[in-house]
Protein chains: 2
Amino acid sequence: MASSIPDIVISRLPIYLRALERLAQEGYEVTSSLELGRRLGISSAQIRKDLSHFGGFGKQGTGYRISFLVDQLRQVLKVENEWKVALVGAGDLGSAIARYKGFEDRGFHIACIFDSAPEKIGKQIDKYLIHAVDDIPSVIGAHAIKIAMVAVPAQAAQFVTDALVTAGVKAILNYAPINLKVPSDVHVQYIDPVIHLQRMTFYLNYTP
Amino acid sequence: MASSIPDIVISRLPIYLRALERLAQEGYEVTSSLELGRRLGISSAQIRKDLSHFGGFGKQGTGYRISFLVDQLRQVLKVENEWKVALVGAGDLGSAIARYKGFEDRGFHIACIFDSAPEKIGKQIDKYLIHAVDDIPSVIGAHAIKIAMVAVPAQAAQFVTDALVTAGVKAILNYAPINLKVPSDVHVQYIDPVIHLQRMTFYLNYTP
DNA sequence: TAGATTGTTAATCGATTAACAATC
DNA sequence: TAGATTGTTAATCGATTAACAATC
């Protein structure tokens, strides 16, 4: 069942969902492609076209019922239920990720943490017990975990990734500043704030 | 001097730069569009086309001298020198950002931190003194800061952004899960790990 | 009903790829 | 020289936008 829906469309759905959840929070019950587009800086035509890949969620003349559209988008993205996530790396970055509340709030539950430093193994970050990287196969397997976040130094990222993939992980959020090689059925997304900063400095005039 | 170079090209340059810096670190001195493309999962034609917007950096038959291409890309992106950056928000997320070493290493120096909580003001995170959000105009002005990172709760993000923009900030890296309204000469980039996770769950089969 | 907004089609626009002469 | 790889042009591909009939 290979999807024929362009990935660029998929990449916008979470943005729509987030904006709609916010609108709901602000007390709105109905919105239109025009209003949503204005908020997001996206054309109304694009929003309607994107949504039309998945069904007719609106009503002519009145627009979209927010609660309904939120439900539908959550279903499309498969985020109505909670996902278990593994975190590899319990250094500064990994610890910050473990403590960040934004994941749990939005349906991603950190189920286990791994690190390679012997002195950290067996200790805890918040409520999470730190496992050895060597235990990735058994722990990931036992929990049937499909999603992992990688927060290890660049030189360790590919090794850790290979272990995760072998253990059955199909989606990786990589915080290490390096491109990962994975099989074609494994998805990778990258988070590197410096990349975003460098993209913006192009447009700035450097003044010391 | 409005640039005619597509933003999508600009968005790839930092990726190229990062990969080239890594190649250099691994001891390579020369590479080709084919090799670089293989590493990044990008076609060689695209790399050559992207680079050709800025000049001829390679040699037929031999490819690109890495050190030269790194220098050129740094110049294009204006990251040869250090940029001062303001950080707003000294909560869990802000503190983690302040402690993260990856910025300094790659030319972004956190010059000041702001928070609105009276009990935090005057205290320090690492070596950084926390200023009041009310002091954004004076502190940003005094340092002539052009880049800011926003790590405050969603409901405070727009207010803080308005203050930054008024103070002269032209580039914002926003960690708050909300779309910001800014004038057209101000650049915004978003970091929201949950958005990336939700983009990947679309392709997964949910198994509880 | 009249006004508003959807879903969809066709037209436009822009980005990627293929191909190759130039040349190191 | 022969082989390799660039920079660039033209062809293809895909995404966005404009427009409007359908209809709430």
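Lettering of chains follows the sequences in order, A, B, ..., and the numbering in each one begins at 1.
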Sub-4.0 Å heavy-atom contacts from [range] onto DNA chain C, ordered by number:
{"range": "residues 52-64 of chain A", "value": "A:S52, A:G56, A:F57, A:G58, A:K59, A:Q60, A:G61, A:T62, A:G63, A:Y64"}
{"range": "residues 11-34 of chain A", "value": "A:S32, A:S33"}
{"range": "residues 36-44 of chain B", "value": "B:S43"}

For [X], check side-chain contact (heavy atoms from CB on, under 4.5 Å) against everything at least two apart and list the hits.
{"X": "B:Q155", "result": "A:R22, B:P153"}
{"X": "B:A24", "result": "B:I66"}
{"X": "B:Q60", "result": "none"}

Tell me, please, the opening and closing nucleotides of DNA chain D, 5' to 3', among those with an atom under 4.0 angstrom from a non-hydrogen atom of chain B.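 Nucleotide range in contact with chain B: D:dA4 to D:dT9.
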Helical stems, DNA chain C - three or more consecutive Watson-Crick or G-U wobble pairs below 3.5 Å: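 Detected stem regions: C:3-24 with D:3-24.
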According to ring-ring contact (aromatic ring centres under 6.0 Å, His included), does anything in residues 23-80 of chain B pair up with another residue at least two apart or in another chain? List the pairs.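 Sorted result for residues 23-80 of chain B: empty, none.
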Give every residue pair that meets the salt bridge (Lys or Arg N to Asp or Glu O under 4.0 Å) criterion with at least one member in residues 28-38 of chain B, sequence neighbours excluded.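 For residues 28-38 of chain B: B:E29-B:R65.
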Show me the pairs that pass salt bridge (Lys or Arg N to Asp or Glu O under 4.0 Å) and involve residues 183-198 of chain A, at least two apart or across chains.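 Counting only pairs at least two positions apart or across chains, the salt bridge (Lys or Arg N to Asp or Glu O under 4.0 Å) contacts touching residues 183-198 of chain A are A:K170-A:D185, A:D192-B:R18, A:D192-B:R106.
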Run the side-chain hydrogen bond (donor to acceptor under 3.5 Å, both in side chains) test against B:S44 and tell me which residues pass, sequence neighbours left out.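 Once residues adjacent in sequence are excluded, the partners of B:S44 under the side-chain hydrogen bond (donor to acceptor under 3.5 Å, both in side chains) criterion are B:R48.
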